[in-house]
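The next block holds one structure in the form of C-alpha cells; read it before the comments.
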Number of protein chains: 2
Amino acid sequence: MSTKATLASVAALAGVSISTVSKVLNGREDVAEGTRRRVREALSQSGYQQPGQRHSSAASVLIDVAVDSVTTAYYAEVMEGILECAQTQGAEIVLSKTGGTRPSVAERAEKMQASGRRGLLLVTSRWSPAEIREVKRRGIAVVVIDPINPPGRGVTSVGATNWAGGKSATEHLLGLGHSRIAFIGGPQSAECSQDREHGYVAALLERGIQVAEDYILAGGFDPETGRRGLDQLLALQTPPQAIFAASDSIALGVLAEAQTRGVAVPEELSVVGFDGTYISELTSPQLTTVAQPLRDMGCTAVRALLREMDGQRADSARVELATQLLVRSSTARAR
Amino acid sequence: MSTKATLASVAALAGVSISTVSKVLNGREDVAEGTRRRVREALSQSGYQQPGQRHSSAASVLIDVAVDSVTTAYYAEVMEGILECAQTQGAEIVLSKTGGTRPSVAERAEKMQASGRRGLLLVTSRWSPAEIREVKRRGIAVVVIDPINPPGRGVTSVGATNWAGGKSATEHLLGLGHSRIAFIGGPQSAECSQDREHGYVAALLERGIQVAEDYILAGGFDPETGRRGLDQLLALQTPPQAIFAASDSIALGVLAEAQTRGVAVPEELSVVGFDGTYISELTSPQLTTVAQPLRDMGCTAVRALLREMDGQRADSARVELATQLLVRSSTARAR
DNA sequence: CTGAAAGCGCTTACAG
DNA sequence: CTGAAAGCGCTTACAG
C-alpha cells in the first residue's frame with residue numbers, strides 16, 4: 001500500500017459511500033448483505049486499520065492463546081515455547097482458558113476485534129471446525145496445536161509425528177524382548193492418541209504379533225486412566241509385560257498403581273510414556289518416554305500465526321515435528 | 001465526570017487553546033514548561049482518554065501478568081486463579097515470563113503504555129523495589145503475589161500465612177511423636193521460605209526442643225534441593241526421623257531420593273511438603289503438605305489490581321490468606 | 001438500504 | 001510560545 005487506507009479510499013474501492021463503510025465497521029444492521037461483503041473485502045484488501053487500533057510503534061502485536069488447562073506439564077511446556085518465540089518476534093500473548101464456561105465464539109471474536117487482535121492460537125482446543133471457521137470469517141488468523149479434532153480445511157495445525165513416536169516406543173519394548181505389550185490411550189476421539197495407537201499396532205504387526213483387543217485401553221490423558229488401566233490389565237489371564245502409555249500423565253498413574261500393588265518397575269513391568277514433559281524426569285524410576293518437541297511446537301505455531309496475520313499464505317496446512325525416544329529407567333529387558 | 005472529556009473541555013479547564021492541549025498530548029516541543037504542566041494536570045483531572053485507547057465497550061481491560069516460570073505447578077495454579085477471576089471480572093491477561101533476557105523495566109512500561117495497559121501483576125518476581133517504583137511512576141498499578149523480596153512501600157502484595165503454615169506442619173510431625181525434624185528450605189533470600197522456617201523453629205521451641213543447626217538446609221524450590229538435602233541429612237550422625245520441605249517440589253526430590261536409597265516413606269521417614277499443588281497428589285505415597293490457597297491468591301490479586309486501576313486506594317498493603325495442613329500418606333507415627 | 005450533508009474531535013501550518 | 005483557522009477522518013440523523 002503506497003498510502004494509508006481511509007474510509008474514503010475503502011469506499012471508492014468498494015464502490016459505495018463513506019457512510020456505508022462506516023456502518024459496516026460499526027456493525028450497523030441497515031446494510032444489505034451483499035454490500036456488507038463487498039465492503040469487508042475492500043477493508044481487508046486495503047489493509048484498513050481502525051483508528052483506535054493503529055499500533056503506535058512501541059506497542060506490540062498481540063496474539064490470543066487459548067489453552068484447555070494451565071496446570072498440566074504438557075500445556076506448560078508448549079506455553080513456554082510460545083512465550084519465548086513471541087518475545088523474540090516482538091509479539092505479546094493474551095492467555096485464556098477454554099473449557100468450563102468459556103465465552104461463546106462470537107463473544108471472543110468480538111472482543112478480539114474490539115481490541116484489534118487478529119491472531120488466535122488454539123492449544124489442543126475442542127473448538128469445532130465450524131467455530132474455527134466462524135472466527136476466520138471475521139478476519140482472525142487461526143493456528144491449532146495438536147488438534148483433538150481435525151481443524152477443518154484451510155486451518156494450519158502444528159503437531160508431532162505421533163504415529164512414528166508410537167511405533168518407536170513399541171519397537172523399543174519389542175527390542176527388549178517383550179511381546180505382551182499393552183497400550184493405554186487418551187480420549188478415543190483424540191486424533192493424536194489414535195495415531196500413537198496406530199503406530200503401536202503397526203510395530204506389532206511388523207513383528208507378526210497378533211494384536212490383542214483387551215490389551216488396548218482408552219480413557220483420558222490423566223493419571224487416573226493409568227491407574228485404572230493397570231488394574232484392568234493385571235486382572236487379565238495373561239497380563240502384559242510392558243505398557244505403552246499415550247502420555248506421561250497416564251504413565252505416572254501406571255507407576256503409582258504399580259507401586260501400590262508392589263509390582264516392580266522395570267523388573268516386572270516396563271512402562272513407556274509419551275510427551276517427555278518434566279514430569280517424566282521426576283518419577284522414580286525415571287520414565288522412558290517419547291518426547292515431543294513441545295517448545296518447538298509452540299514456537300512453530302507462533303511463527304506460522306504471525307505469517308498468516310501478515311497476510312501471507314501458510315507454507316503448509318499441517319506441520320509435524322519429529323518425536324524422539326528417551327530411554328531411561330522404567331523399561332528393562334524381558335526376563 | 002458527568003460528560004466525556006474532550007480536547008475542548010480540557011483546554012477550557014487549563015485556560016489554553018485546543019491546539020496547545022493537542023501539542024502537549026503529541027509531545028511537541030513548542031510548549032512552555034508551565035503551560036505544559038497546567039495542561040497535564042487538566043488532562044488527568046478530567047480523566048481524558050486518548051482516542052486510540054478508549055476501550056470500545058466490547059473490548060476488555062487487559063492486565064499484564066509476569067511470572068518467573070510457567071512449567072511449575074505453583075505458578076500454574078496461581079495462574080488458574082488469575083485467569084478464572086479475570087474472566088469473571090471481564091478482564092483479559094497478557095502473559096509474559098520474567099527471567100532470562102527479560103526486557104528492561106522501561107521497555108516493558110513503554111509497551112504497556114503504548115497499548116493503554118495500566119495494570120501489572122507480578123508473580124514471585126525478582127523485580128526490585130526500585131524497578132516497581134519506576135513502573136508505578138508511569139501510572140501503572142502493580143500488585144505482587146508472594147514477593148521474593150519485600151516489594152517496597154505502597155505496593156500491594158498477596159501471600160499466604162507462611163509462618164503459621166510452617167508451624168502447623170512441624171506441629172503435625174511433633175504430634176506423631178517425632179522430635180528429630182529437619183527443614184529443607186528454598187532460596188535463603190526468599191521471604192516466604194524464611195517465614196516457613198521461622199514457623200518451624202517456633203513449633204520446636206514451644207516444645208522445648210533444641211534447634212539443630214545441621215537440620216536446617218536451604219537451596220531452591222526444586223527437586224534437586226530435596227535430593228541433595230536428604231543425602232546430606234542421612235549422612236549426619238543422628239539423621240532426622242522427619243523432614244519438613246518448604247515446597248512440594250523439594251519434597252518430591254526427597255521422596256525420589258528416599259526411594260533410590262531404599263528408605264521407606266513414611267515407615268522410616270516422614271515427609272511434609274508445602275504448597276498443595278496437584279503434584280502432591282501424584283506422588284506415591286501421596287504427600288502430606290501445607291496447602292496454600294494458590295487459586296484464591298491469584299484471584300485476590302486480580303481483584304486488588306483492578307481496584308487500584310480504578311483509582312481506589314488498596315484496602316491493605318498486604319493480604320495473607322490462610323494455609324491448611326493436608327494430612328496424607330507420607331507421614332506416620334514415630335516408631 | 002443508500003448516501004449527501006452536518007457536525008465532532010483532533011491535528012497542523014502558519015500568523016502573530 | 002500561543003491560538004485562529006483550515007482541514008482530515010470519522011459518525012450519524014435524515015431525506016429519498
Side-chain angles (χ1 to χ4, degrees), chain A residues 1-59 109-118 137-139, chain B residues 1-60 110 113-118 139:
Chain A
M1 282 142 286
S2 49
T3 174
K4 205 177 142 251
T6 65
L7 282 210
S9 70
V10 174
L13 186 59
V16 297
S17 73
I18 291 178
S19 316
T20 303
V21 179
S22 174
K23 283 176 191 169
V24 170
L25 276 175
N26 293 296
R28 288 285 151 85
E29 299 289 322
D30 58 343
V31 178
E33 216 23 74
T35 312
R36 185 184 302 275
R37 216 181 34 250
R38 279 212 318 289
V39 170
R40 276 255 142 80
E41 220 157 87
L43 281 168
S44 75
Q45 221 178 82
S46 63
Y48 180 78
Q49 293 276 350
Q50 299 249 40
Q53 293 164 17
R54 105 205 102 196
H55 16 238
S56 55
S57 56
E110 206 173 323
K111 266 194 183 173
M112 290 183 62
Q113 279 188 308
S115 329
R117 279 138 48 190
R118 290 172 22 259
R137 210 181 304 128
R138 291 176 185 251
Chain B
M1 284 140 287
S2 50
T3 173
K4 205 177 140 253
T6 65
L7 280 210
S9 70
V10 173
L13 186 60
V16 298
S17 74
I18 292 179
S19 314
T20 303
V21 179
S22 176
K23 283 176 190 169
V24 170
L25 275 175
N26 293 296
R28 287 285 151 87
E29 299 290 322
D30 58 343
V31 180
E33 218 21 77
T35 312
R36 187 184 299 275
R37 215 180 35 248
R38 282 214 315 291
V39 171
R40 276 256 141 79
E41 221 157 84
L43 280 168
S44 76
Q45 221 180 80
S46 63
Y48 179 78
Q49 292 276 351
Q50 299 251 38
Q53 291 166 19
R54 106 201 104 193
H55 12 237
S56 55
S57 56
S60 38
E110 205 174 325
Q113 280 188 308
S115 331
R117 279 140 46 190
R118 292 173 19 259

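The chains referred to below are lettered A, B, ... by the order of the sequence lines, with proteins before strands, and numbering in each begins at 1.
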Of all heavy-atom pairs linking A/A11 and A/I18, the shortest is CB-N, 3.8 Å
ask   = Given the rule in the side-chain hydrogen bond (donor to acceptor under 3.5 Å, both in side chains) test, do B/T20 and B/S17 qualify, once you have shown the distances and angles that lead to the verdict?
value = CA-CA 5 Å; B/T20 303; B/S17 74; 3.2 Å; yes
Only one of B/L13, B/L7, B/T6 passes side-chain contact (heavy atoms from CB on, under 4.5 Å) with B/S9, and that residue is B/T6
A/R38 atom CZ is separated from C/dT2 atom C1', nearest whole Å, by 11 Å
Here the residues of residues 13-21 of chain A within 4.0 Å heavy-atom distance, strictly under, of DNA chain C are A/V16, A/S17, A/S19, A/T20
Could you list, one pair per line, each protein nitrogen or oxygen that sits under 3.5 Å from a nitrogen or oxygen of nucleotides 14-16 of chain D, together with the distance?
none

query: Does A/E33 come within less than 4.0 Å of A/R36, counting only side-chain N to carboxylate O?
result: yes
Heavy-atom closest pair (A/V24 atom, A/R40 atom, distance to 0.1 Å) is O-NH2, 4.1 Å
Side-chain atoms of B/S22 come closest, of D/dC10, C/dT12, C/dC1, to C/dT12
Discussion item. Check the phosphate of D/dC10 against A/Y48, side-chain N and O only, distance under 4.0 Å to OP1 or OP2. Yes or no?
Written reply: yes
Residue set satisfying side chain to side chain contact (heavy atoms under 4.5 Å, CB included) with B/A32, at least two apart, ordered chain then number -> B/T35
From CZ of B/R36 across to P of D/dT2 the rounded distance in Å is 10 Å
Rounded to whole Å, CG of B/L7 lies from P of D/dA5 at a distance of 18 Å
Paired to D/dA15 by Watson-Crick or G-U wobble criteria (both distances under 3.5 Å) is C/dT2
